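We use all heavy atoms of the structure for the numbers below, so side chains are in, but hydrogens, waters and symmetry mates are not. A note on names: the letters A, B, ... follow the listed sequences, proteins ahead of strands, and every chain is numbered from 1. Since the model is a prediction, treat every value here as computed from it, not as a measurement.
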Amino acid sequence: MMLQKAQITEQQLKKAQAQVRRMAAELERSRDLRRVIVHVDMDAFYAAVEMRDSPELTDIPMAVGSMSMLSTSNYHARKFGVRAAMPGFIAKKLCPSLVIVPTNFDKYRAVSQEIREIFADYDPHFMPMSLDEAYLDLTDHLEQRQSWPDSLRTHFHLIITRSNFFLFCKEEDSIELPQETVPEMDLSPVLFEDGPSSSPCLIHECAAGDGVFEVFGKSIEEAVREMRFRIEQKTMLTASAGIAPNMMLAKVCSDKNKPNGQYRLPSTREAVMEFVQNLPVRKVFGIGKVSEKMLNALDISSCSHLGQKMALLSLLFSETAWHHFMQVSLGLGSTIIPRHEERKSMSTERTFKELNIAEEQLSLCRELCENLAEDMKKEGLKVVTEGSLSLAACDS
DNA sequence: ATACATACC
DNA sequence: TACTGGTATGTAT
C-alpha cells in the first residue's frame, strides 16, 4: 500500500479531491438528525452476573472463562491489565490472585431475557447485538412520553433497611399493599419481609422522606436513566448507554461514561462534527486492529485526520471501505435499526437446513472431524477449530 | 463460486 | 499445559 502511495501523482490526488467534495456534499444532504438512537451495554456483563451471585467475588479481581480464554473480567481485574479475549493463564501472570469462574451461559441468557423485556417497552423493534447489548430507536417512545402522566414514569426503588425490609415494585405483580402506603399509583407495589423483626411503619417513613419511588422526566436523558434504573432494579446489574442521532455514534457514546453511566450527543451537525473530530478511528465499529494499523501508517489516528485524507484513501482502499471511512469522518451512520424479525442470520441450523443436511450426516461429519483432530494431536499438530471444520465438511 | 481476511461480542 | 467459538461481511481469485 505504501508502494502504491508513492506512485500517486499530484494530478490523481487533485481529481480525487474533487470527487471527495462531491461525495461529501451528497452525504451531507442525506444527513438525518431526527432520530434518537440509543445503544445500551451491560457493564462487564458475565463478570457482573457472577459477582452478583457470589458475594465473595465482589472485592477481588475475577474473570469469567477458562485458563485458555477469558470472556470478560471485572473492573478490579482490569486494573491489572486483565482483558476480555485474553487467555486465562496469561491473565494469571499479570494478576496471580485472579479468580477465574467458568461461564454459565444459561444464566446469562436468562438475565438477557430480563433486560430485553425492558428494552421492548421502549422500542418493540430493538436490535439485540449480543446477550448484553442492544440498539434502540427511542424516537417514537419519546413522542408518546410527552403526553404521559407522572404515574407512567414512576418507578420504585429497592430499599434495604436496617431491619431487612424490602419494598419494590413490578407492574406485573398483583400482590396488594394497603392503600395508604403509596397513593395514586397505577402500579402495585409489592411488600415482603426478609427478617423476623420488621415493622410496616418503615414504609411510611421511606415513602415520605427517602423517596421510595422516583418520577422520571420526559426528556431523552430521563427516559434512558429510567431504563437503566429499571434494569438495575430487576437484575441488580448496571448498564451504560449512549444517546445519539445514529447507530455509529450511539455505540461510541455508550462507552464514554462506562461503567454505570450514559452520554448524550446532541442532535446538531455542529455537536456531531465536534465529537467526531477527536474520535480515535479504532473506537469506530468496523475498524479493528488491522484497519487501525493501515490508517496509522498513513498518519491517521483520529477521525479528523480521516476527513483530511479522504482523497488519498480513495486511491488506496476499496470503494466500500472508502465509503465507510467517508461516513465516519462526517459522523454519519444508520438511523434505521434493522428489525429484529427481519434480520436474517446464517445460523448453523439454517445452513444445515438449507443444505438439506440430515442430523445423521451431521453427526457423521462431527465424528470424522473428531477423529481427524485426534490424529492431528497425535502428530503434534495444533487443532484450531473443530466445530467449524464439521460445518465446512458439510458445506463441501 | 470459493477461499481467505477482518471484525465483532 | 493452556490463545475461543459463532456470525457477518469484505476482498481476492
Separation of [X] atom [atom1] from [N] atom [atom2], in whole Å?
{"X": "Glu319(A)", "N": "dA12(C)", "atom1": "CD", "atom2": "P", "result": "13 Å"}
{"X": "His324(A)", "N": "dT11(C)", "atom1": "NE2", "atom2": "P", "result": "11 Å"}
{"X": "Phe89(A)", "N": "dT1(C)", "atom1": "CZ", "atom2": "P", "result": "9 Å"}
{"X": "Leu94(A)", "N": "dC3(C)", "atom1": "CG", "atom2": "C1'", "result": "14 Å"}
{"X": "Phe285(A)", "N": "dC9(B)", "atom1": "CZ", "atom2": "P", "result": "6 Å"}
{"X": "Met129(A)", "N": "dT9(C)", "atom1": "CE", "atom2": "C1'", "result": "12 Å"}
{"X": "Lys93(A)", "N": "dC3(C)", "atom1": "NZ", "atom2": "P", "result": "12 Å"}

Minimum-distance nucleotide to [X] side chain [options: [options]]:
{"X": "Ala85(A)", "options": "dT4(C), dC9(B), dC3(C)", "answer": "dT4(C)"}
{"X": "Lys251(A)", "options": "dC3(C), dT11(C), dC9(B)", "answer": "dC9(B)"}
{"X": "Glu133(A)", "options": "dC3(C), dA7(B), dC9(B)", "answer": "dC9(B)"}
{"X": "Thr320(A)", "options": "dT11(C), dA2(C), dC3(C)", "answer": "dT11(C)"}
{"X": "Met69(A)", "options": "dA7(B), dC3(C), dC9(B)", "answer": "dC3(C)"}
{"X": "Lys289(A)", "options": "dC9(B), dA7(B), dC3(C)", "answer": "dA7(B)"}

Worksheet item: Between dC8(B) and Arg282(A), is there an OP1 or OP2 to side-chain N/O distance shorter than 4.0 Å?
Response: yes
Response to the item:
Output for pair (Ile336(A) CD1, Ile37(A) CD1), nearest 0.5 Å, gives 9.0 Å
Discussion item. Which residue is it: Phe119(A), Phe126(A), Tyr122(A)? I am looking for the one with a ring-ring contact (aromatic ring centres under 6.0 Å, His included) to His141(A).
Written reply: Tyr122(A)
Discussion item. Distance check, C1' atoms only: dT4(C) and dA7(B), in whole angstrom units.
Written reply: 15 Å
Discussion item. Let's go through Thr238(A) and Asp43(A) carefully: what are the C-alpha distance in whole Å and the side-chain angles of both, what is the deciding distance for side-chain hydrogen bond (donor to acceptor under 3.5 Å, both in side chains) to 0.1 Å, and is it a yes or a no?
Written reply: CA-CA 6 Å; Thr238(A) 61; Asp43(A) 303 322; 2.7 Å; yes
Worksheet item: Is there a donor-acceptor contact under 3.5 Å linking the side chains of Tyr108(A) and Glu50(A)?
Response: yes
Worksheet item: Under 4.0 angstrom, heavy atoms only, what part of the nucleic acid is Ile287(A) near: base, sugar-phosphate, or nothing?
Response: sugar-phosphate
Practice prompt. Under 4.0 Å between any heavy atoms, over every strand shown, what does Ser291(A) touch: base, sugar-phosphate, or nothing? Just pick one.
Written response: sugar-phosphate
Item to complete: Name all residues meeting the ring-ring contact (aromatic ring centres under 6.0 Å, His included) criterion together with Phe317(A); count only those two or more places apart in sequence or in a different chain, and write none if there are none.
Response: Phe325(A)
